[in-house]
There are 2 protein chains.
Amino acid sequence: MARKARKPLTRDRVLRAAMALADKDGIEALSMRRLGQELGVEAMSLYNHVANKDDLLNGMLEVVLHEMEIPGDGVHWKAALRLHAVSAHAAFRRHSWACQLAVSPPSLDRVLDVQIRQMEWKLARLRDGLSDHLVYHGLHALDSHITGFTLWQQSHQITADNVGDLAAQFLRMFPADEYPRTYEHVEQHMTGFGSDTNAFEFGLDLILTGLERLHEGDPGVTVER
Amino acid sequence: MARKARKPLTRDRVLRAAMALADKDGIEALSMRRLGQELGVEAMSLYNHVANKDDLLNGMLEVVLHEMEIPGDGVHWKAALRLHAVSAHAAFRRHSWACQLAVSPPSLDRVLDVQIRQMEWKLARLRDGLSDHLVYHGLHALDSHITGFTLWQQSHQITADNVGDLAAQFLRMFPADEYPRTYEHVEQHMTGFGSDTNAFEFGLDLILTGLERLHEGDPGVTVER
DNA sequence: ACCTGAACACCGTTCAAGT
DNA sequence: ACCTGAACACCGTTCAAGT
């Protein structure tokens, strides 16, 4: 039997293993002991490559943020922001633990470089098409949609292991006569009334087009200032 | 000295104490041992009134959901949904731990009655003004804004104890020449360029007005179907 | 320089034992 | 019926000790 030639432990290898574990078994399964085990090492060894667990989580988030697309300057501001938002959503869906981390950062006293660079880019592109006031609120609307929709979507996700329970509960709790709208809505979800990818883009377009309309001075769009 | 006449422990008293603790010290400070201590009882006693910690968290969330306003039938669908969304946002802000719970429920196999009733109401009101297809996506856009914006807002919250660190880091990380837009944006936040309550309503109005426009067959609003 | 074992202060939860 | 003490199987993290 071949002797297992263990590769030397590095911060990068620790991060990758942690991401793989979180992707597979969920972020709640990621413990220092379990991660060490996965790497064939005692948990305490990890502290040679990572300051602590928060540092580990921060590092994992950083990798995911780098997976998000930043279109070049040739693209129109609205299309560019749309592309970025869609790729951000996709990255968060690939790593279901990441959006949670992005929105409730383990250590509030650290901001990642990549986060600031993305923010700067988004603000610059918004400014290409909108006034100061709309840029300010537009960033909030855009960012909150990216993370908010993703989290909301995850909370409604039906995973393979709870689909049976949910189906049974569904019939018990949503009787068609008592909750007709909800029954219909859930039915629409199950019959593919709208695909999941389009749901994200639907809200995204409401925001982007709404912003553009406001900039054009559309009086029909009422927003207090 | 007066003998402390301890009120009998009930599920309700446990829930209230847990909420008070989470409101004060954050959800991460809420442990069964700490909660028992707060109630003058051993942690194990709590299991007589609560099935387990997930049940406790579910109960806490339920109380918060009941704090959200459901306007009567006299109100126009758009105004009614707006009022509900604003009151939901306010409830989540009063209990900063609740939105996290709503969006990543501790036990996925349980849906709260109040959640279904609210969903039914929202769908009915949306249907008062919109077509089937818009109701379907409209609910997603609305719900994801309520929880998503709140979570996003919380992640950017500056609390009293980290304001010093952030101010220092701010100057170090956002040099005006390197990140001019971000610098300006953060400055706008600090000088009250837009108040926080309006930020939520800004995005809310983009969604509600956008939905209405789509229903009126506005060709300028491009959304794939 | 990196890894380890033992230890510390925490968790949620069970269960037999008390009243 | 309700509360408790001891215990179990977990956490993150420290630190002296090994190589």
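Residue numbers begin at 1 in each chain, while the letters A, B, ... track the order of the sequences.
Using modelled atom types, one side-chain atom of A:H156 and one backbone atom of A:W152 make a donor-acceptor pair closer than 3.5 Å.
Atom P of nucleotide D:dC15 and atom OH of A:Y47 are separated by 13 Å, given to the nearest angstrom. One can place CG of B:L56 at 14 Å from C1' of C:dT13, the figure rounded to the nearest angstrom. Across the protein-nucleic acid pair, B:R11 atom CZ and D:dC2 atom C1' stand 17 Å apart, rounded to whole Å. One can place CG of B:L30 at 16 Å from P of C:dC10, the figure rounded to the nearest angstrom. Here the P atom of nucleotide D:dC10 and the CD atom of A:E28 are 15 Å apart, to the nearest Å. The CE-P distance, from A:M32 to C:dG5, rounds to 17 Å in whole Å. In this structure, CG of B:L46 is placed 12 Å from C1' of D:dC2, rounded to the nearest angstrom. Distance A:D55 CG to D:dT13 C1': 14 Å, rounded to the nearest Å.
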- Task: Let me see the working for A:H189 and B:Y136 under ring pair (Phe, Tyr, Trp, His ring centres under 6.0 Å), right down to the final yes or no.
- Result: CA-CA 9 Å; A:H189 267 281; B:Y136 180 80; 4.9 Å; yes

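Contact check on A:R94 versus A:D23 returns no salt bridge, with no Lys/Arg side-chain nitrogen under 4.0 Å from an Asp/Glu carboxylate oxygen.
Here the side chain of A:M44 is nearest to one of D:dA6, D:dT14, C:dC3, namely D:dT14. Among D:dA6, D:dC3, C:dG5, the nucleotide with an atom closest to any side-chain atom of B:S45 is D:dC3.
Phosphate proximity of D:dA1 to B:H49: absent, as no side-chain N or O sits under 4.0 Å from OP1 or OP2. Residue B:S31 places at least one side-chain N or O under 4.0 Å from the OP1 or OP2 atom of C:dC11.
In this structure, A:H89 NE2 and A:E201 CD are separated by 9.0 Å, a value rounded to the nearest 0.5 Å.
When Watson-Crick and G-U wobble pairs are counted only if both distances are under 3.5 Å, D:dT4 pairs with C:dA16. The pairing partner recorded for C:dA9 is none, the criterion being a Watson-Crick or G-U wobble arrangement whose two distances lie under 3.5 angstrom.
Nearest-nucleotide positions on DNA chain C for A:R33 and A:E42 put A:E42 closer to the 5' end.
With no hydrogens or angles considered, a side-chain donor-acceptor pair links A:H185 and B:H140 at under 3.5 Å.
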